[in-house]
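Before any comments, here is the structure.
The first residue of the sequence shown is numbered 1, and numbering continues consecutively from there. From a predicted model like this one, the values you see are computed outputs, not experimental measurements. Atom set for the values below is all heavy atoms of this structure, side chains included, hydrogens, waters and symmetry mates excluded.
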Amino acid sequence: MRVLVQRVSSAAVTVDGQVVGSIRPDGQGLLAFVGVTHSDGTEKAQRLAEKLWNLRILTDEKSAADVDAPILVVSQFTLYADTVKGRRPSWNAAAPAAVAEPLVTAFAEALRGLGAHVHTGVFGAHMHVELVNDGPVTIMLEL
């Protein structure tokens with residue numbers, strides 16, 4: 001499981017013209033793109049959620065837990081793209097939807113269980129993601 005996290009001052013996910021999740025532009029939050037591979041499980045989702053919740057990347061080295069910052073979770077199978085050969089990425093390392101969707105949901109639920117205000121995209125949908133990266137700060141989390 002990989003989580004590409006960006007510190008944002010605002011972010012929104014739109015599906016079919018409707019905003020389905022957002023972080024309003026009135027402070028800081030985290031946008032978490034979540035990719036799942038075949039060997040991932042709920043324990044890893046829980047551990048990555050805890051790591052993200054406590055990661056000190058907000059202003060004054062604060063974490064989302066410290067300042068109750070919102071988190072927008074978006075599934076992103078392309079985090080497992082293999083571009084070593086040719087010009088077309090391979091998606092073989094990405095878990096199929098039947099494996100990935102429950103784990104992305106488990107990740108979001110683990111964050112909620114820690115007290116996070118979590119918004120999500122729609123798994124498998126064509127999403128438009130808008131964001132204002134604050135810093136810019138972008139970090140890849142893996143265990």
Side-chain angles (χ1 to χ4, degrees), residues 1-83 87-143:
M1 183 174 268
R2 293 178 178 160
V3 179
L4 181 71
V5 60
Q6 295 187 328
R7 184 175 76 185
V8 297
S9 57
S10 66
V13 177
T14 304
V15 176
D16 295 329
Q18 292 191 9
V19 175
V20 296
S22 66
I23 295 174
R24 294 175 301 173
D26 59 359
Q28 286 189 333
L30 299 174
L31 174 57
F33 293 105
V34 180
V36 178
T37 192
H38 304 278
S39 60
D40 290 334
T42 54
E43 180 183 320
K44 188 175 275 189
Q46 176 71 39
R47 289 184 11 230
L48 275 171
E50 291 169 5
K51 184 151 187 91
L52 177 62
W53 183 234
N54 292 297
L55 193 65
R56 298 171 58 143
I57 60 171
L58 298 176
T59 301
D60 297 327
E61 295 187 10
K62 301 286 186 182
S63 69
D66 293 333
V67 298
D68 200 26
I71 301 173
L72 178 56
V73 174
V74 177
S75 61
Q76 183 86 32
F77 77 92
T78 60
L79 291 177
Y80 278 98
D82 180 354
T83 59
R87 295 177 294 162
R88 186 181 319 181
S90 167
W91 312 112
N92 291 338
V99 173
E101 185 174 11
L103 290 176
V104 172
T105 299
F107 177 79
E109 289 303 316
L111 284 166
R112 287 185 182 106
L114 294 166
H117 298 285
V118 177
H119 307 275
T120 63
V122 176
F123 189 92
H126 182 93
M127 296 179 271
H128 292 109
V129 181
E130 297 177 56
L131 65 117
V132 177
N133 191 314
D134 183 20
V137 174
T138 303
I139 296 172
M140 181 69 78
L141 298 179
E142 291 183 277
L143 296 176

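- Distance check: L103 CG to M1 CE gives 4.5 Å after rounding to the nearest 0.5 Å.
- Residues passing the ring-ring contact (aromatic ring centres under 6.0 Å, His included) test with F77 are W91, sequence neighbours excluded.
- Closest heavy-atom contact between P89 and T83: CB-CG2, 4.2 Å.
- Partners of N54 according to the side chain to side chain contact (heavy atoms under 4.5 Å, CB included) rule, which considers only residues two or more places apart in sequence or in another chain, are A65.
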What side-chain donor-acceptor pairs closer than 3.5 Å can you find for residues 11-22, not counting sequence neighbours?
none

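- Salt bridge annotation for E109-R112: present, with a cationic side-chain nitrogen under 4.0 angstrom from a carboxylate oxygen.
- Counting heavy atoms of neighbouring residues, nucleotides and ligands inside a 6.0 Å radius, atom NZ of K44 exceeds 12 of them.
- Applying the ring-ring contact (aromatic ring centres under 6.0 Å, His included) test to H128 and every residue at least two apart in sequence or in another chain returns H126.
- Nearest heavy atom pair, residue A69 against residue G29, reads CB-CA, 4.2 Å.
- No donor-acceptor distance shorter than 3.5 angstrom exists from the side chain of D82 to the backbone of S90, with no hydrogens or angles considered.
- M127 places a side-chain heavy atom less than 4.5 Å from the side chain of S75.
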Could you give the side-chain donor-acceptor pairs of residues 113-120 under 3.5 Å, partners two or more places apart or in another chain?
unit_1	atom_1	unit_2	atom_2	d
H117	NE2	D68	OD1	3.3
H117	NE2	D68	OD2	3.0

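- Contact detail for F123 and A97: the closest heavy-atom pair is CE2-CB, 3.7 Å.
- At a cut-off of 3.5 Å, with distance as the only test, no side-chain donor of T37 or D40 sits close to an acceptor on the other residue.
- Side-chain contact between D66 and L58: absent, with no pair of heavy atoms (C-beta onward) separated by less than 4.5 Å.
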What pairs of donor and acceptor atoms, side-chain ones from residues 129-141 against any protein atom, are under 3.5 angstrom apart with sequence neighbours left out?
unit_1	atom_1	unit_2	atom_2	d
N133	OD1	V137	N	2.8
N133	ND2	T138	OG1	3.0
D134	OD2	Q28	NE2	2.5
T138	OG1	Q6	NE2	3.3

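- A distance of 4.5 Å separates CD1 in I71 from CG in L111, rounded to the nearest 0.5 Å.
- From S10, atom OG reaches atom CG of L31 across 10.0 Å, with rounding to the nearest 0.5 Å.
- Rounded to the nearest 0.5 Å, atoms CD (E43) and CG (L48) are 11.0 Å apart.
- For the pair H38 (side chain) and V99 (backbone), a donor-acceptor distance under 3.5 Å is absent.
- The distance from the CG atom of L72 to the CG atom of L30 is 10.0 Å, given to the nearest 0.5 Å.
- Taking the side chain as every heavy atom from C-beta outward, V73 and V3 never approach each other to under 4.5 Å.
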